[in-house]
Amino acid sequence: MRVRGGWLVALAAWTMIGCGDDAVIAPAPAPASKEALFERGPHAVGFYETEVSYDPVGPETTRSLKLRVWYPAVAGGEAPAEYSVAGIISLPAEGAIASPAPIAQSDLPLAIYSHGFAGVGLLAYPYGELMASHGWVVMAPNHTGNTAVDAIGEGFDPIASITVNRPLDITAVIDWAAQDVAGEIAGLSVASEAVFMFGHSYGAYTTFASGGVDLDVEGFADGCTEPDCSIFADPEVMAAYADFGDSRIVAIAPQAPAVVPDYADGSLAALKVPTLLQSGRRDATTTQTEQDQPAWEGLDHPDDLWVELPDGGHLSFISICDDLEKGLLDAFQPGNEDDGCGESFTPVAQAVPALAAYLLAFANLHVLGQEDWRPILTGEPLDASVEVTVGH
């Protein structure tokens, strides 16, 4: 079923959390309404950068990931956050504060973002800021060996290594959230047993894999054309490829998915978590015919939802079309005008907030169990730039 339309109005509410001398006055979630999804929530947004390390599979001994964290914070006089990629590229950070105190609330819901091939976790900032203002903690790792920094440095890791490391990175981040986050961001309490996962392009592959979709690993190995395909001879690596799914991930949202033809037969239909598929019909990198349509046709969960940008391209899911000066944009993304940044595409200033609104509502419904969001998700689209398919 396809539906079209616009969006409406929100209210605000407050609630008492705790009791006695330890009581904390904190904003309650806004009533479910379309307009609330496009506006900042009641919380200030904290931003924190750290590193997460773990023991990977294969020949590496230790793997370290740069990690960005957005979280609901107590407003104060702290300095604004700075968004920088390797000290070379800066992104706008007007909506976040550098390392403030988190709100005094336990078990805040957790979302994790996986960036695309040659991207960085910082690209999650429009989503991270919105979700954090509404009470979510959003974590976005750099997938070491497959980032924009690697592109201008020593180059990318072999694709076979990238593909096995990415889902393991996500599990390592959830482990860190469960065990170590409060030690670094004092007072931050995260509910790591029920996680929302989303990601763009190769990050959408990461999202599917972490959610429980299996690759056809033998076919993937047979198609390996890199000089270093020996990783497939490592039993530990092959065992990891056989089961990336992390049971703590309870809902996913792949954006502009990649690698779909390499998924094992039936693995999309067997996915046990609800999926919000987001795609652009004019995507020239991961096309609708080769990636989006097969992904949707393979899925079979009753709560799946497909949000399409009829005039969206591959770059419509991140904000670099607006954030980067043209020369820099052309250097990092040749052909960007034909894949989301050109005047004939939906402006990213419209597309990204619409996509973020769906992410927030979907996560509120399927992670937090807030049923009031269901009719909003499945009713008239939240913005004129999108079309929605409900049910298979």
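None of the values given here were measured: they were computed from a predicted structure.
Residues Leu108 and Gly135 share a closest heavy-atom pair of CD2-O, 3.5 Å. Contact detail for Leu315 and Cys341: the closest heavy-atom pair is CD1-SG, 3.8 Å. Heavy-atom minimum distance, Val137 versus Pro72: CG2-CD, 4.1 Å.
Taking the side chain as every heavy atom from C-beta outward, Val388 and Tyr358 approach each other to under 4.5 Å.
Put simply, the side chain of Asn142 never gets that close to the backbone of Val120: no donor and acceptor are under 3.5 Å apart.
Taking the ring axis of Tyr125 as reference, the NZ or CZ atom of Arg68 does not stay both within 45° of it and closer than 6.0 Å to the ring centre.
Other residues, nucleotides and ligands contribute more than 12 heavy atoms inside 6.0 Å of the CD atom of Glu184. Residue-environment remark: CD (Glu236) exceeds the threshold of 12 foreign heavy atoms within 6.0 Å.
Using the six-membered ring where Trp is involved, Phe232 and Phe220 have ring planes that are perpendicular, over 60° apart on the 30 and 60° scheme.
Look at Lys66 and Glu51 and you find no salt bridge, because none of the NZ, NE, NH1 or NH2 atoms lies under 4.0 Å from a carboxylate O.
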Stepwise side chain to side chain contact (heavy atoms under 4.5 Å, CB included) check, Asp330 with Asn336: CA-CA 7 Å; Asp330 290 343; Asn336 61 83; 2.8 Å; yes

Verdict with reasoning, Asp283 to Thr286, per side chain to side chain donor-acceptor pair (under 3.5 Å): CA-CA 6 Å; Asp283 192 324; Thr286 57; 3.0 Å; yes

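Partner of Arg282 under the salt bridge (charged side-chain N to carboxylate O under 4.0 Å, His left out) criterion, chosen from Asp338, Asp311, Asp339: Asp311.
Aromatic ring centres of Tyr205 and Phe208: separated by at least 6.0 Å.
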